[in-house]
Amino acid sequence: MLRDGAGSSNGGGEWLRPMDAEQLRECGHRMVDFVADYYKSIEAFPVLSQVQPGYLKELLPDSAPRQPDTLDSLFDDIRQKIIPGVTHWQSPNYFAYYPSNSSTAGFLGEMLSAAFNIVGFNWITSPAATELEVIVLDWFAKMLELPSQFLSTALGGGVIQGTASEAVLVALLAARDRALRKHGKESLEKLVVYVSDQTHSAVQKACQIAGIFPENIRVIIADCNRNYAVAPEAVSEDLSRDLASGLIPIFICGTVGTTSSSAVDPLPELGQIAKAHDMWFHIDAAYAGSACICPEYRHHLNGVEEADSFNMNAHKWFLTNFDCSLLWVKDRSFLIQSLSTNPEFLKNKASQANSVVDFKDWQIPLGRRFRSLKLWMVLKLYGVENLQSYIRKHIRLAEHFEHLLISDSRFEVVTPRTFSLVCFRLLPPTSDRENGRKLNYDLMDGANSSGKIFISHTVLSGKFVLRFAVGAPLTEEQHVDAAWKLLQDEATKLLGSM
């Protein structure tokens, strides 16, 4: 209940009803103030949560409250019990993994989506939800200069998935079923999928779900001489062996901005291989797709003309709150054939007449949120030019960090920077038998344990490599400089103790 004696600021002493416009106005204002204060003071918190596993069980009761509590008490619990267990992805000192952007426009879109709270599985459940999604996905396709076949006015179109993992799964299911219709259902054990060792692990999970035999997943070692992009010749060699063995190649995934090092696979060559063998060609641009709205980075998408599906995450680096993963297909009929259901209780005049899009047939779940609202608001309230400037700023900051690294001979840049990710390591002494693995792990652990920054790692060609990904909305040059100073100081301590 909200009757804690704090007066109208805490609900006017009334019970919190399931939905009451005035109570929502009052409580909503307080929550917005709380969130705004959080962002204003976000640098005061350790970027990486410093709690130990199981911490929250010690702080919360073992059963739900029988009587309602006050909003003030709730805020106290959030401050004292929840926030210590939060890793602050929106902190300007967050440089781990890849970014997960929040913004005022995205936040407003989430609020409005929560207000409508539709379950938009087909057109009639909220026509605006379906039609806005079609429109903003077409807008975005034009921003990326995708081929016209990916527009809703052609045979293809775009759809918002939850994550890139869902996007690659539905693409693989469409590819699988297309192949089974051609070769027969009994050929499932012969279907082969091609990825590189730098392709996101989501493809492996998609194969597990789709029933692709584990021994039929070809993981091709990326070429370190090509900055960890896959070599088309290596793909062709594996493919030729598989054809000679009577197997059926069905799917190849190329990446624009790999997770480990933001490598860009040779899309034109992979596309030609796929076309020659009637394979489904999927492009995963989850991270770097955002950069390709800038003309100077659009060439990284050259070759998309041969793709059957293309995916990028607006929730990574495009100021759109999670979740909002954009998938385009060249021929939507393949998705619909694989994922469509038509139970009697969902039949309606518009759907039966095939005059509308029902996005339930483009995804795994039935229900779906009104996610296009936040993407529409981001595009409408920021505009393409400001979004391009936002991307360029982060790339400039990453370039600045790269130059700082190069100026200190104790460090090396492991692979050339392409976008806003810098891969680097502290060079180990020649006597180090672990080739710097423990040294760089300790450098990362020391920096992260300080609470001042958060970075992550990968392994490239056997080297333990640190990743510095610039992309948080609040990050400025001063934060990059402070992170560099911290890493230098930690390096000095580590090298001095060896």
Item to complete: May I have all residue pairs that pass salt bridge (Lys or Arg N to Asp or Glu O under 4.0 Å) and include part of residues 101-125, sequence neighbours excluded?
Response: E110-R369, E110-K374
Worksheet item: Considering only heavy atoms from C-beta outward, does the side chain of V459 approach that of V465 to under 4.5 Å?
Response: no
Fill in: Y297-T418 side chain donor-acceptor pair, cut-off 3.5 Å
no
Practice prompt. Check step by step if salt bridge (Lys or Arg N to Asp or Glu O under 4.0 Å) holds for R368 and E133.
Written response: CA-CA 12 Å; R368 58 200 328 270; E133 187 160 335; 2.8 Å; yes
Discussion item. Does Y194 form a ring pair (Phe, Tyr, Trp, His ring centres under 6.0 Å) with F251? I'd like the steps, not just the answer.
Written reply: CA-CA 6 Å; Y194 299 81; F251 187 92; 9.7 Å; no
Which pairs would a plain distance check flag for residues 118-128, meaning a side-chain donor or acceptor within less than 3.5 Å of a matching protein atom at least two apart in sequence or in another chain?
| residue | atom | partner | partner atom | Å |
| --- | --- | --- | --- | --- |
| N122 | OD1 | T125 | N | 3.3 |
| W123 | NE1 | E131 | OE2 | 2.9 |
| T125 | OG1 | N122 | O | 2.5 |

Practice prompt. Please assess F140 against F318 for the test ring pair (Phe, Tyr, Trp, His ring centres under 6.0 Å), listing each intermediate value before the final yes or no.
Written response: CA-CA 11 Å; F140 216 114; F318 204 77; 4.8 Å; yes
Worksheet, complete the sentence: The side-chain hydrogen bond (donor to acceptor under 3.5 Å, both in side chains) partners of D331 (sequence neighbours excluded) come to S333
Worksheet item: Any donor and acceptor pair, going by atom type alone, linking the side chain of S91 with main-chain N or O of V47 inside 3.5 Å?
Response: no
Discussion item. Are Q149 and L155 packed together at the side-chain level, in the sense that at least one heavy-atom pair is separated by less than 4.5 angstrom?
Written reply: no
Worksheet item: For P295, which residues count as a side chain to side chain contact (heavy atoms under 4.5 Å, CB included) partner, sequence neighbours excluded?
Response: Q388, R392
Worksheet item: Given side chains that start at C-beta, do those of D481 and H400 come closer than 4.5 Å, heavy atoms only?
Response: yes
Practice prompt. For the residue pair D265 and V256, establish whether any side-chain heavy-atom pair is separated by less than 4.5 Å.
Written response: no
Worksheet entry | Pairwise distance CD1(I283) to SG(C253) - rounded to 0.5 angstrom | 9.0 Å
Worksheet item: If you draw a 6.0 Å radius around CH2 in W376, do more than 12 non-hydrogen atoms from other residues or ligands fall strictly inside?
Response: no
Which atom pairs, donor and acceptor, lie under 3.5 Å between side-chain atoms of residues 196-207 and protein residues at least two apart or in another chain?
| residue | atom | partner | partner atom | Å |
| --- | --- | --- | --- | --- |
| S196 | OG | Q198 | N | 2.9 |
| S196 | OG | T199 | N | 3.4 |
| D197 | OD1 | A222 | N | 2.8 |
| T199 | OG1 | S196 | N | 2.9 |
| T199 | OG1 | S196 | O | 3.2 |
| H200 | ND1 | A202 | N | 2.9 |

Practice prompt. Tell me whether the centres of the aromatic rings in H479 and F95 are closer together than 6.0 Å.
Written response: no
Side-chain polar contacts of residues 301-309 - donor-acceptor pairs under 3.5 angstrom, sequence neighbours left out - could you list them?
| residue | atom | partner | partner atom | Å |
| --- | --- | --- | --- | --- |
| N302 | OD1 | R298 | NH1 | 3.3 |
| N302 | ND2 | H299 | O | 3.4 |
| E305 | OE1 | G303 | N | 2.9 |
| D308 | OD2 | F281 | N | 2.8 |
| S309 | OG | W280 | NE1 | 2.8 |
| S309 | OG | H282 | ND1 | 2.7 |

Worksheet item: D76 and R79: salt bridge (Lys or Arg N to Asp or Glu O under 4.0 Å), yes or no, with the steps?
Response: CA-CA 5 Å; D76 287 342; R79 292 186 189 95; 3.3 Å; yes
Discussion item. I'd like to check L339 versus L173 (side-chain heavy atoms, cut-off strictly below 4.5 Å). Are they in contact?
Written reply: yes
Practice prompt. State, yes or no, whether a side-chain contact exists between H394 and P473 at a heavy-atom distance under 4.5 Å.
Written response: no
Worksheet entry | From CG (N311) to CD (Q161), nearest 0.5 Å | 8.0 Å
Fill in: Charged tip of R467 within 45° of Y98 ring normal and under 6.0 Å
yes
Fill in: N93 versus H88, side-chain donor and acceptor atoms under 3.5 Å
no
Item to complete: Indicate yes or no: does R17 engage E22 in a salt bridge with an N to O separation below 4.0 Å.
Response: no
Fill in: Residue pair S351 / L346, side-chain heavy-atom distance below 4.5 Å
no
Item to complete: Tell me, with the steps shown, if R30 and D72 meet salt bridge (Lys or Arg N to Asp or Glu O under 4.0 Å).
Response: CA-CA 10 Å; R30 294 194 62 193; D72 280 337; 2.5 Å; yes
Item to complete: Please determine, by modelled atom types, if N313 and S325 share a side-chain donor-acceptor pair under 3.5 angstrom.
Response: yes
Discussion item. Any salt bridge linking E476 with K393? Criterion: basic side-chain nitrogen under 4.0 Å from a carboxylate oxygen.
Written reply: yes
Discussion item. Counting neighbours of NZ on K452 that are heavy atoms of other residues, nucleotides or ligands and sit closer than 6.0 Å, is the number greater than 12?
Written reply: no
Practice prompt. Any chance you could measure M377, atom CE, to L319, atom CG, to the nearest 0.5 Å?
Written response: 14.5 Å
Item to complete: Name the orientation class of the two ring planes belonging to F468 and F401 (parallel below 30°, tilted from 30 to 60°, perpendicular beyond 60°).
Response: parallel
Fill in: Side chains of L327 and V170 in contact at under 4.5 Å (non-hydrogen atoms)
yes
Worksheet item: So, are E344 and K347 salt-bridged, with charged N and O less than 4.0 Å apart?
Response: yes
Worksheet item: How long is the gap from OH on Y228 to SG on C423, to the nearest 0.5 Å?
Response: 9.0 Å
Response to the item:
Rounded to the nearest 0.5 angstrom, the CD-CG distance for E477 and L397 is 6.5 Å
Worksheet item: So with a 6.0 Å cut-off around CD of Q352, is the heavy-atom count from everything else above 12?
Response: yes
Worksheet entry | Side chains of S290 and Y390, donor plus acceptor under 3.5 Å | no
Item to complete: Please test D284 against T255 for side-chain hydrogen bond (donor to acceptor under 3.5 Å, both in side chains), starting from the C-alpha separation and ending with a verdict.
Response: CA-CA 5 Å; D284 173 8; T255 306; 4.6 Å; no
Worksheet item: With under 30° as parallel and over 60° as perpendicular, where do the rings of Y97 and Y94 fit, or are they tilted in between?
Response: tilted
Practice prompt. Please answer whether the main-chain N or O of G162 pairs with a side-chain N or O of E166 as donor and acceptor at a distance below 3.5 Å.
Written response: yes
